[in-house]
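Given the structure is predicted, the values throughout are model-derived calculations rather than measurements. If you read the sequence from its start, that first residue is 1, and numbering goes on from there.
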Amino acid sequence: MTAFRIATILVALVSLFLGGTGIFLGAVEHTGGDAVAAALDSQYRYLAAVYFVVGAMILWSAGDVKGRAMLLRFGMLGWFVGGLARGVSWMTVGEPADWQVSGMIIELVIPVVMLLWQRRVIKS
């Protein structure tokens, strides 16, 4: 269970870090310093805050892997649906930056791996 708990904490730290930087830096962090519309920045920071809270949920779930299993499941659902949303963007707007493609792959794979691993840990 220790390895699973460590992996859960690492996944949570990714969400906390990326959500936190999104909240504090805003959408301008992806424009090279060019201004962005206030509505876009507001939406970006809002979604970054949601991502931050997902990270907090995942981190909290690491404290009691069995008792808080549903928190991890919902957090991983958030990651997975986010990856699907990136796919929708790719199909409708065009290919994103390489780092975003990598993010999409991670968001579609890690949740599946974590939930299968969680099931194994809970059964043992």
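The minimum heavy-atom distance linking Leu108 with Gly83 is given by the pair CD2-C, 3.8 Å. Smallest separation of non-hydrogen atoms from Gly55 and Ser15: CA-CB, 3.3 Å.
Counting heavy atoms from C-beta outward, Ile110 and Val11 have side chains that approach closer than 4.5 Å. Asp34 is not listed as a side-chain neighbour of Val28, based on a closest heavy-atom distance of 4.5 Å or more. Annotation: side chain of Ile58 is not in contact with side chain of Leu71 (no heavy-atom distance under 4.5 Å). Taking the side chain as every heavy atom from C-beta outward, Trp99 and Met104 never approach each other to under 4.5 Å. Side-chain contact check for Val121 versus Arg5: every heavy-atom pair is 4.5 Å or farther apart. A 4.5 Å side-chain heavy-atom check between Phe80 and Met76 finds every atom pair outside the cut-off. Side-chain contact between Phe24 and Arg45: absent, with no pair of heavy atoms (C-beta onward) separated by less than 4.5 Å. Contact annotation: the side chain of Gln118 approaches that of Phe4 to within less than 4.5 Å [non-hydrogen atoms, C-beta and beyond].
For the atom pair CD of Glu29 and CG of Asp41, the computed distance is 9.5 Å after rounding to the nearest 0.5 Å. Taking CG of Leu59 as the reference point, atom CZ of Arg68 lies at 10.0 Å (rounded to 0.5 Å). A distance of 15.0 Å separates CZ of Arg120 from CG of Leu115, quoted to the nearest 0.5 Å. In this structure, the separation between CD on Gln100 and OG on Ser89 is 7.5 Å, given to the nearest 0.5 Å. One finds the CD1 atom of Ile23 at 10.5 Å from the CG atom of Leu47 (value rounded to the nearest 0.5 Å). Once rounded to the nearest 0.5 Å, the distance linking CE of Met114 with CG of Leu116 reads 11.0 Å.
Ser42 places no side-chain N or O within 3.5 Å of a backbone atom of Ala38 that could act as its donor or acceptor partner.
Hydrophobic clustering of Ile, Leu, Val, Met, Phe, Trp and Tyr side chains at less than 4.5 Å, counting indirect connections, keeps Val101 apart from Ile106. Ile122 and Val113 are members of different hydrophobic clusters when ILVMFWY side chains are connected at heavy-atom separations under 4.5 Å. Taking hydrophobic clusters as Ile, Leu, Val, Met, Phe, Trp and Tyr residues chained together by side-chain heavy-atom distances below 4.5 Å, Leu18 does not share a cluster with Leu84. Linking ILVMFWY side-chain heavy atoms closer than 4.5 Å, directly or via other members, places Val81 and Val54 in two distinct hydrophobic clusters. Both Trp60 and Leu77 belong to a single network of hydrophobic side chains, linked directly or stepwise wherever heavy atoms of I, L, V, M, F, W or Y lie under 4.5 Å apart.
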Report task. Determine, step by step, whether Val65 and Thr8 satisfy the side-chain contact (heavy atoms from CB on, under 4.5 Å) criterion, reporting the C-alpha distance in whole Å, the side-chain angles of both residues, the deciding distance to 0.1 Å, and the verdict. Result -> CA-CA 9 Å; Val65 171; Thr8 302; 5.8 Å; no

**Report entry** Steps toward side-chain contact (heavy atoms from CB on, under 4.5 Å) verdict (Leu13, Leu16)
**Finding:** CA-CA 5 Å; Leu13 291 175; Leu16 290 167; 4.3 Å; yes

Report task. Could you give me the CA-CA distance, side-chain angles and deciding distance for Val112 and Trp79, then say whether side-chain contact (heavy atoms from CB on, under 4.5 Å) is met? Result -> CA-CA 10 Å; Val112 174; Trp79 268 42; over 6 Å; no

Report task. Show the numbers, then the answer: is there a side-chain contact (heavy atoms from CB on, under 4.5 Å) between Phe52 and Met57? Result -> CA-CA 9 Å; Phe52 185 86; Met57 286 172 46; over 6 Å; no

